[in-house]
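Notes follow once the structure below has been shown.
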Number of protein chains: 2
Amino acid sequence: MIYSSELIKGTLKTIILKLLRDNPRMYGYEMTQRVKELTGDKIQLTEGALYPTLHAMEAEGILQTESEYIGKRVRKYYSLTPKGKTKGEEKISELADFLETMKFLIGAQTSIS
Amino acid sequence: MIYSSELIKGTLKTIILKLLRDNPRMYGYEMTQRVKELTGDKIQLTEGALYPTLHAMEAEGILQTESEYIGKRVRKYYSLTPKGKTKGEEKISELADFLETMKFLIGAQTSIS
DNA sequence: AATTATACATCTGTTTCTTATGTATTAGCA
DNA sequence: TGCTAATACATAAGAAACAGATGTATAATT
């Protein structure tokens, strides 16, 4: 099963922050592979969504970059700024809370007794 | 805490389907109140999002309506069509699965061992 | 030699929602 | 009684976020 795209919307930034909380630095392509691997192909980060988001987060001062050459090919590593670490904790716990609320909502009997 | 809006995006249809799976019929305003109540004000369905979505789902053949007059005021009740019941089961279990995957992703150690 | 994987990037369009606005009835309160 | 809040519907303009396509280029595999 691959989730319908609208479901994944809104979680991308938090996923990036989570990855970079656990890893000192990662590059874009690596993120797509890690998420794919961790979710058994259920979540695939598309490049058209990922790269603009990474750029935006860098512009916000949440992420910082360092480019390295691997042979002749550039690889752009991202890591959290201090601001990004704070933001990361916030967004991750917000998502955890949201997941619980949604789980309750889906599991609960929503009819009036 | 009220969740940042982007997090709730994509879950609206499934929430509607869940409510109407548990209740034979509901009207729009009632849905906003029930969700608000069930989530302790954490999720507020806005009318600008809700009504167009209800109309779209009716046009898709997922929902059917019956209007009633309460005094002089019209109240529009929504209920699931047979197609809607099938769709509802699908979307609800997809969301449940997604929540588990995200919970795992947030909880897991995403770094390489 | 050709294909696949790696690795970056941008752009157009679509979907989905937010915010604002509008209309009207009913209930509660001062 | 007059005012405000709640009930209940609706639409419309714009923003946000993403999908899908396309582009470039190097490296690895078959």
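Computed from a predicted model, the values in this text were never measured in an experiment. Sequence lines set the chain letters: A, B, ... in the order given, protein chains first and strands last, and positions in each chain run from 1.
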If every non-hydrogen atom of [X] is compared with every non-hydrogen atom of [Y], which pair is closest and at what distance?
| X | Y | answer |
| --- | --- | --- |
| A:K18 | B:L105 | CE-O, 3.2 Å |
| B:F98 | A:L7 | CZ-O, 3.4 Å |
| A:L19 | A:R34 | CD2-CG, 4.0 Å |
| B:K103 | A:K103 | NZ-NZ, 4.0 Å |
| A:P52 | A:A49 | CD-O, 3.6 Å |

Nucleotide [N], atom [atom2] - distance to [atom1] of [X] in whole Å:
| X | N | atom1 | atom2 | answer |
| --- | --- | --- | --- | --- |
| B:R75 | D:dA8 | CZ | P | 4 Å |
| B:L50 | C:dT19 | CG | C1' | 15 Å |
| B:M31 | D:dA8 | CE | P | 13 Å |
| A:K36 | C:dA5 | NZ | C1' | 10 Å |
| B:L45 | C:dT19 | CG | P | 14 Å |
| A:K76 | C:dT10 | NZ | C1' | 13 Å |
| A:E68 | D:dA27 | CD | C1' | 17 Å |
| B:I43 | C:dT18 | CD1 | C1' | 16 Å |

Ignoring hydrogens and angles, write down the donor-acceptor pairs under 3.5 Å from the side chains of residues 70-80 of chain B, residues two or more places apart or on other chains.
unit_1, atom_1, unit_2, atom_2, d
B:R75, NH1, B:Y77, OH, 3.1
B:S79, OG, B:Q64, NE2, 3.4

Original post:
Quick one: bend of the helix from C:dA1-D:dT30 to C:dA30-D:dT1 from 5 pairs per end, to 10°?
Top reply: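 Computed angle between terminal axes is 30°.
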Working to the nearest 0.5 Å, report the span between [atom1] of [X] and [atom2] of [Y].
| X | Y | atom1 | atom2 | value |
| --- | --- | --- | --- | --- |
| B:I106 | B:T101 | CD1 | OG1 | 11.5 Å |
| B:L63 | B:H55 | CG | NE2 | 10.5 Å |
| B:L95 | B:T14 | CG | OG1 | 5.5 Å |
| A:I92 | A:D97 | CD1 | CG | 13.5 Å |

Subject >> Ionic contact status for B:E100 with A:K42, cut-off 4.0 Å >> reply: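 B:E100 and A:K42: not salt-bridged.
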**OP:** In plain terms, say whether B:K91 and A:E6 are close enough for a salt bridge, that is, a side-chain N and a carboxylate O under 4.0 Å apart.
**Re:**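 Here B:K91 pairs with A:E6 in a salt bridge, since their nearest N and O are under 4.0 Å apart.
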**OP:** Return the 5'-most residue of the pair A:E47, A:Q44 with respect to DNA chain D, ranking by each residue's nearest nucleotide.
**Re:**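 Looking at DNA chain D, the more 5' nearest nucleotide goes with A:Q44.
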Original post:
Any side-chain N or O of B:H55 under 4.0 Å from OP1/OP2 of D:dT11?
Top reply: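 Indeed, a polar side-chain atom of B:H55 lies that close.
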**OP:** Could you tell me whether the phosphate oxygens of D:dA10, OP1 or OP2, come under 4.0 Å of any side-chain nitrogen or oxygen in B:Y51?
**Re:**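 The answer is no; no side-chain N or O of B:Y51 sits under 4.0 Å from OP1 or OP2.
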Original post:
Checking side-chain contact (heavy atoms from CB on, under 4.5 Å) for the pair B:F104/A:T39: CA distance, chi angles, key distance, verdict?
Top reply: CA-CA 8 Å; B:F104 169 76; A:T39 64; 5.8 Å; no
Atom pairs, N/O to N/O, protein against nucleotides 12-18 of chain D, distance under 3.5 Å?
unit_1, atom_1, unit_2, atom_2, d
D:dC18, OP1, A:G10, N, 2.9

Original post:
With a cut-off of 6.0 Å (strictly less than), are more than 12 heavy atoms of other residues, nucleotides or ligands near NZ of A:K87?
Top reply: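 No - once you tally the heavy atoms of other residues, nucleotides and ligands closer than 6.0 Å, there are 12 at most.
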Subject >> Any residue of residues 16-30 of chain B with a heavy atom less than 4.0 Å from an atom of DNA chain D >> reply: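 Going residue by residue through residues 16-30 of chain B, the ones with a heavy atom under 4.0 Å of DNA chain D turn out to be B:Y27, B:G28, B:Y29.
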Can you name the atoms? Protein N/O to nucleotides 1-4 of chain D N/O, anything below 3.5 Å, with the distance.
none

Original post:
Is B:T81 reaching over with its side chain to a backbone N or O of B:G61, donor-acceptor style, under 3.5 angstrom?
Top reply: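 Yes; at least one donor-acceptor contact below 3.5 Å.
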Original post:
What residue among B:E90, B:E60, B:E94 forms salt bridge (charged side-chain N to carboxylate O under 4.0 Å, His left out) with B:K13?
Top reply: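 So, applying the salt bridge (charged side-chain N to carboxylate O under 4.0 Å, His left out) to B:K13 and each of B:E90, B:E60, B:E94, only B:E60 qualifies.
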Polar pairs (N or O, both sides) under 3.5 Å between protein and nucleotides 25-28 of chain C?
unit_1, atom_1, unit_2, atom_2, d
C:dT25, O2, B:R73, NH1, 2.3
C:dT26, OP1, B:K72, N, 2.7

